Amino acid sequence: MALTQMALDSLDFDATIALAEKVAPHVDILEIGTPCIKHNGIKLLETLRAKFPNNKILVDLKTMDAGEYESEPFYKAGADICVVLGVSDIGTIKGVIKAANKYGKKAQVDLISVEDKVAKTKEVAAAGAHIIGIHTGLDQQAAGQTPFADLAAVAGLNLGVDISVAGGVKAATAAQVRDAGATIIVAGAAIYGAADPAAAAAEITAIAHA
Ligand SMILES: O=C([C@H](O)CO)[C@H](O)[C@H](O)COP(=O)(O)O
C-alpha cells in the first residue's frame, strides 16, 4: 500500500487549477512542482488549499538555503509537505524540519544529485526528516536515468521513514515501485500527458493502494 502524488508541472495558473480539478478525486497528494511554484508563487498554494481540502498538498520548493525562512510561509499557508534538497547544508535541512514540526507537517529531503544516497538518508533520517525523496529529475530522465536502483538501496536501510519515488513513474511501473518499498508514488507526465488524466490517475492509485 502506497499513497499517490500527482505532480502539477505546468507554468499556467488556470491550467494548473483545471488539471487539479480533474485529478484531485483520484490521488492522495497534489504536488505543486518546482517550475510551477516558482512561476506562480504562494497564491497558487492558497488557491489549491481552499479548493481541495481533502488532498494533502506538497510544495516542491527544492530549498537550497534559508530552510526555515523559506519554508515556514508555505506551511503556514497550508502545505502539508515542503521539499528541501539533500545536497544543501544540513543546517538548511534542519531548518525545514523545524518549520514542519512547528506546524505539525512534514519535511521531505530530495536526494536528486546526492552522490552517496545511503549515507545522506541515514544522516537526514537521524535529523528528523519525515520523507526521503528518491528522485530522477526530468533532465536526468532525458539522459536515460531511472529511480529504481536508488529506491532499492534506500528501502533496504529499513529506517522507518516514508520513501517517495519520482522520475517517470507510470502505471506499468507503479507496482514495481510499490513492492520495492515506496510509500508515496509520484506521477507527473504519466497523468498530465494522458488523454484522460483522471483515468490515468485512478489507474495508478488503484495499483498504489493495492
Ligand atoms: O519534481 C519534478 C521535476 O523535478 C520538476 O519539478 C517532477 O514533478 C517529478 O519528476 C515527477 O514528474 P514525472 O517524472 O513526469 O512523473
Side-chain angles (χ1 to χ4, degrees), residues 2-13 15-17 19-20 22-24 26-42 44-45 48 55-64 70-71 74 79-88 96 106-114 117 131-151 154 162-178 180 182-205 207-208:
L3 300 179
T4 47
Q5 176 176 311
M6 197 271 162
L8 297 161
D9 275 332
S10 167
L11 297 183
D12 187 275
F13 191 101
T16 298
I17 302 293
L19 180 57
K22 285 184 193 163
V23 302
H26 307 290
V27 297
D28 302 294
I29 304 167
L30 292 171
E31 169 191 336
I32 309 176
T34 312
C36 185
I37 195 66
K38 284 186 178 177
H39 199 76
N40 293 292
I42 203 162
L44 178 63
L45 168 62
L48 289 170
N55 294 92
K56 301 273 188 207
I57 298 181
L58 175 143
V59 183
D60 193 2
L61 292 172
K62 289 192 177 73
T63 295
M64 186 65 185
E70 179 168 280
S71 64
F74 289 89
D80 297 286
I81 305 164
C82 288
V83 177
V84 57
L85 289 173
V87 293
S88 67
V96 179
K106 294 185 176 179
Q108 175 169 320
V109 178
D110 186 331
L111 298 185
I112 189 169
S113 297
V114 167
K117 293 180 172 60
I131 305 170
I132 304 299
I134 306 291
H135 185 196
T136 303
L138 298 174
D139 295 335
Q140 294 171 325
Q141 290 178 51
Q145 297 178 34
T146 69
F148 305 117
D150 293 334
L151 170 59
V154 169
D162 276 308
I163 299 175
S164 161
V165 179
V169 180
K170 52 194 175 201
T173 52
Q176 177 189 350
V177 170
R178 178 201 64 207
T183 54
I184 302 171
I185 297 176
V186 184
I191 296 175
Y192 63 70
D196 184 343
E203 184 183 9
I204 292 171
T205 295
I207 295 165

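All figures in this text were calculated on a predicted structure; none of them were measured in a lab. Just so you know, ligand 1 is whichever comes first in the structure, and atom 1 is the first atom listed for that ligand. Scope of the values below: all heavy atoms of this structure, side chains included, with no hydrogens, waters or symmetry mates.
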Could you check which of G188, A7, P147 puts a non-hydrogen atom nearest to atom 16 (O) of ligand 1?
G188
I29 and its side-chain contact (heavy atoms from CB on, under 4.5 Å) partner, picked from I57, I185, I184, D80
I184
Exactly one candidate in V83, I131, V87 meets side-chain contact (heavy atoms from CB on, under 4.5 Å) with D110; the answer is V83
Among protein heavy atoms, which lies nearest [atom], and at what distance?
atom: atom 7 (C) of ligand 1; value: D9 OD2, 3.3 Å
atom: atom 10 (O) of ligand 1; value: H135 NE2, 3.1 Å
atom: atom 4 (O) of ligand 1; value: K62 NZ, 3.0 Å

Closer than 4.0 Å to some heavy atom of [X] - which atoms of ligand 1 meet that?
X: G167; result: 14 (O)
X: G168; result: 13 (P), 14 (O), 16 (O)
X: P35; result: 5 (C), 6 (O)
X: D60; result: 1 (O), 6 (O)
X: A189; result: 13 (P), 15 (O), 16 (O)
X: Q141; result: 10 (O), 14 (O)
X: T34; result: 6 (O)
X: E31; result: 1 (O), 8 (O)

For T4, give me all partners under side chain to side chain contact (heavy atoms under 4.5 Å, CB included), at least two apart in sequence or on another chain.
V27, D28, I204, T205, A208
Please list, chain by chain and in numerical order, all residues satisfying side chain to side chain contact (heavy atoms under 4.5 Å, CB included) with D150, sequence neighbours excluded.
K117, I134
Within a reach of under 6.0 Å around NZ of K62, are more than 12 heavy atoms found that belong to other residues, nucleotides or ligands?
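Result for NZ/K62: enclosed.
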Got K106 and D162 here, is their nearest side-chain heavy-atom distance under 4.5 Å?
yes
Do N40 side-chain atoms and D12 backbone N/O form a donor-acceptor pair below 3.5 Å?
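Looks like no, no N/O pair under 3.5 Å.
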Counting distance only, does the side-chain N/O of Q176 pair as donor-acceptor with the main-chain N or O of T173 below 3.5 Å?
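The answer is no, because no donor-acceptor pair under 3.5 Å joins these two groups.
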